[in-house]
Each structure stands twice: as C-alpha cells, then as structure tokens.
Protein chains: 2
Amino acid sequence: MGIEKVLEYQGRDFLPNLSIDLVIIGYQEGALKCLLLNIADKWVLPGGHIKIEESVDTAVQRILKERTALEKPHFKFLSVFGDSNRNFLAEFKAFFEERGLPWQKDHWLAQRFVTLAYYSLVDIEQLSPKPGEFDEAVDWFSFDELPDMGLDHESIILKARNRLKEDIQREQLTYNLLQEEFTMPQLHRLHETILGEKLDRSRFQKKMLATNQFERLPKLKKETPGSNPYLYRRKN
Amino acid sequence: MGIEKVLEYQGRDFLPNLSIDLVIIGYQEGALKCLLLNIADKWVLPGGHIKIEESVDTAVQRILKERTALEKPHFKFLSVFGDSNRNFLAEFKAFFEERGLPWQKDHWLAQRFVTLAYYSLVDIEQLSPKPGEFDEAVDWFSFDELPDMGLDHESIILKARNRLKEDIQREQLTYNLLQEEFTMPQLHRLHETILGEKLDRSRFQKKMLATNQFERLPKLKKETPGSNPYLYRRKN
DNA sequence: ACAAAAGTGTTGAGGTTACACCCATGG
DNA sequence: CCATGGGTGTAACCTCAACACTTTTGT
C-alpha cells in the first residue's frame, strides 16, 4: 500500500478504534531482542488493524506474516491496552508534515485506539522482516537498550518481557526462539537470559529431560574444546 | 434507558464493534454460580460497551457496578473473543419482533463485535443485581446446570470456569467469593468446589496459614456439634 | 597432559502426603 | 459419653538445591 493510498484511505475495510500491536521477540548473540519500527523520530511496535470480515486471530497471523514472512509464526495474547487517551495523533501528524503531506486532525489514524497486544517468539535466523508502509526503518533492539519509544509502547514491551519470564516457568515456549535442533547448553543459556539469573546446569538438564518432551539426536560436532553436546528436537 | 431510546440510539457514544462481556461468579450453598440475563429465549452474559471518552477498565467497572451495585467489585481479564461471525443479529431480531418493534438488519446492535471478556468474583450476599434494559430476567445458575445460552457465551463461561481453576492455584482470589470474615473449613470447601477434587484438610489449613496472609480472630460460635472454628480475615 | 565443556551422580535440606491424634461441643 | 467437626502432630516419601565426579575433546 503506497503513501497516496494511505492518505485517501480512511480505514473503511477495518474495524475502527481497534488496533493490534505486536511484540516480536527473537534471541540472538545471547540476548533477547525485539523488532521495532522507526516513525517520526520515535520507535514503535509493528501492528495493524482487523479487517471487517476477519477474525482477530487471523488478523494477528496476517500482520505477523507481513513482518516475519513465516508461514506459521508463534503468537500469544499479552494484554488489552485501553486507556482513553491512546491515540497516535502527535506521531502521525509529525510523520505527515515531515513529508509535506496534508494532515487533518480528524484523520482516521488520529482516533483513539483500544489495542490488543500480542507477543510472538521467532527464530531470528529464519526471518526476513520487511519494512512496512509507514516505517522508515526496521531494527532489532536488545531489551536492555531500548530506544526512545512512541506512545505507550515502552510499557507494552516491558509487559511482554515480564510475561515471557512468567510464562516460561510453566510452559515450553522456548522452542520458538531456537532452531528446530538445539543443544541443552543452548537451551540452558536461553533460560538464563530470559529469567535474568543463573540456573544450575545439572538440575536444568535433568528437569528438561524428565519432561520427556525431547528426542535425543546424534551429538553435535563442535570445533571448541570439551565434550560434544547432544542435539535435541521436540518430540512429535 | 427505556426501550424507545434504544431504538433511536445507534451507539453514537460508544466505540463500535467492541463489546464487553462479564462472567460474574458467586458462591452460594456450596456451589459456584454465574449471573445470566434472559433475552429472547436464550440466556446471555451481562455486558456493555465502552464510551468514547472512557478507558476499558473504567467501562468494565461501570458495567459491573450497574449489575452488582458494589463500589469496588473485583474483576480480571479473561480473553478476547474475536471470531468474524460474532454478532447478535438473530437474538436481537427475535427480541425486537417479539415486542412488535421495527428491526432493521443494519441496526447498530447487528454489527459484528469483538468482545473483551472479564470475570468477576463477588460475594452473592452483598449483591443486589438489577435487571438491565434488555433483559427480561436475571438469575444465578450453577456451572453444572447452565441453561440454553445465546451466541458463544457458553464457551466464554466455560473458559472462565477453567481459568478460575488455574488462577486459584497461584493467586489468592477466593477472598472475593466469601464474606470478609470466614473460617478455614469454609475456605477449604470453596477450594474443593473450584478445583472439583478433595483436598486434604490438614494440609490445606497448614498451607494457608503458612502464607501468613491471615489474621486470626476469635472463634465463631456455631450451633452444630464439634469444635468451633476460628474466624479469619485478610491482613491489611 | 591440561583446560574446558558436557553429562551424570550424591547428599542433605526442606516440602508434601496421608494419616493419626487430640480437643471442643451439642445431643 | 458419644458422634461430629475442627485443629495440630508425625513419619514416610518425594523433590530439589548445591556441589562433586567423570568423560570427552582441542590445544
């Protein structure tokens, strides 16, 4: 969708006052990262709207696919953000004016939005994120070094970060952040990163294997000194 | 709001396509119960819409207060129900026609709604639920004997039932279902009811007291044989 | 041979289970 | 004094934290 279309487009095909924001989380170089878009000097979460004839879950899948090009990306509901002053007016006004485009304060994008926030765990290596129609740039940011963020998106991203920490303790979600085949040391370091604390290596391994969710594959051939770790894969 | 107003009213003050549904849960005579409204031969959850100038949480509080007359009722987010075919068309058409009122298929109420479902735990004794504008009757139903329900409200209510079971195991939510002062046997039976299984009486009591969240009050004077139980109250 | 990495074993502390026991109260 | 209900104690069992030990591999 080109910029001309955006201008004339008044959201006719979408549910008004309702948006979707996505916290797309990846894991790279031992750090948790988040995909952000640059718009008018601020960074914001990727997102979109729900088509009239489309279920919310389908919309999330569609928007996710636009960003990740993955066929079946993981996603999980995070929270509703429904403050009465949630609108992008300032951001979009700046964006339009920067480009010398006409801005009306009753533009469709200036309305108040209730947003449904989801988080998605992806394997960065498999990804090819594409810049959207509105964003000048797309980049991954470590959760420890977030840029200046627009609207309330910083609180959304931090909520996702905390939710992940909680969810990982009762659900197996980490598969989505790793390749299909992975080693226990890799999984161990990932859990330590998410939880932000040291985990006993011995206990972690035994706990994971006790779940009986893993299929042990031949050992991985490494170049570094030390024993070669087994590869594992999810059963089924 | 009288029925005439409903007719001319086209939802101008509310966010369109977005509704709130409430699973109001109480505990009475040893059973978990849910508040339902009768509309056109079906029973539905109480609910409402979000005002343009109002946050989602404020809307939930307002709608809850309309139903319960409680000043600060408990509530917790349950889930988004966003199927593309979620509309009340059939129900409202029947409701209007029963009364000989004109019905147009493009009525505001016939649109597709994304609903935000919340559940609320209340002490039935403190309540005075008022019939809403649309409902012919209001009643409490045990979760084991739900009536014929409209739309997807049965799946919402069952989801709330299961969520409660999960949540009770990590959070103290049960206070809201009991009077301010309660005994351990009462709390014990409540947990057994919610979880649907027997819990060891001794262990339950010790676990609860170990949390150190309770203030022990003088014993309750009963009429029945056996030792009198202590009363407890939440600390703070 | 040595250091580093990975896998497994051991021990004790602390929690949980399933009861048993005791006390209070009304009939 | 007995049945009932409520509070507490206890021994067996299980789980888990902490650390030790062993094996594998590159230099």
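Chain letters run A, B, ... following the sequence lines, proteins first and then strands; every chain starts at 1.
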Name the atoms and distances for all side-chain donor-acceptor pairs under 3.5 Å in residues 28-36 of chain A, with sequence neighbours left out.
none

Using side-chain heavy atoms (C-beta onward) and a distance below 4.5 Å, is B/D123 in contact with B/Q179? yes
Scanning both residues in full, the closest heavy-atom pair of B/R67 with B/L37 reads NH2-CD1, 3.5 Å
Establish whether the base of D/dT10 is bridged to the side chain of B/K206 by a donor-acceptor pair shorter than 3.5 Å. yes
So for the helix from C/dA1-D/dT27 to C/dG27-D/dC1, with five pairs setting each end axis, what is the inter-axis angle to 10°? 10°
On a heavy-atom basis, which atom in A/L173 and which in A/Y119 lie closest, and how many Å separate them? CD1-OH, 3.6 Å
I need the CG-C1' distance between A/L187 and C/dG7, as an integer number of Å. 15 Å
Taking atom P of D/dC16 as reference, at what distance in whole Å does atom CZ of A/F204 sit? 14 Å
A/F81-A/H153 aromatic ring centre distance below 6.0 Å: no
Sort out for me which residue in B/R170, B/R163, B/K165 forms a side-chain hydrogen bond (donor to acceptor under 3.5 Å, both in side chains) with B/D167. B/R170
Per the under-4.0 Å heavy-atom filter, residues of residues 208-229 of chain A near DNA chain C come out as A/R216, A/K222, A/P225, A/G226, A/S227, A/P229
Is it true that A/F77 and B/F77 have ring centroids separated by less than 6.0 Å? yes
Between C/dG9 atom P and A/R203 atom CZ, what is the distance in whole Å? 17 Å
Round to a whole Å and report the spacing from CE of B/M184 to C1' of D/dG5. 16 Å
Atom CZ of A/R201 and atom P of D/dT22: how far apart are they, to the nearest Å? 15 Å
In whole angstroms, how far is the C1' atom of D/dG6 from the CG atom of B/L231? 13 Å
Atom CG of B/D200 to atom C1' of D/dC13: distance rounded to whole Å? 15 Å
Would you say the base of D/dG9 and the side-chain of B/S202 have a donor-acceptor pair closer than 3.5 Å? yes
Does D/dG6 have OP1 or OP2 under 4.0 Å away from a side-chain N or O of B/Q205? no
Could you check whether any side-chain N or O of A/N162 sits under 3.5 Å from a backbone N or O of A/K159, counting only pairs where one atom can act as donor and the other as acceptor? no
Once you round it to whole Å, what is the distance between C1' of C/dC19 and CG of B/L199? 16 Å
What class does the angle between the rings of B/F113 and B/H49 fall in, given that below 30° is parallel, 30 to 60° is tilted and above 60° is perpendicular? tilted
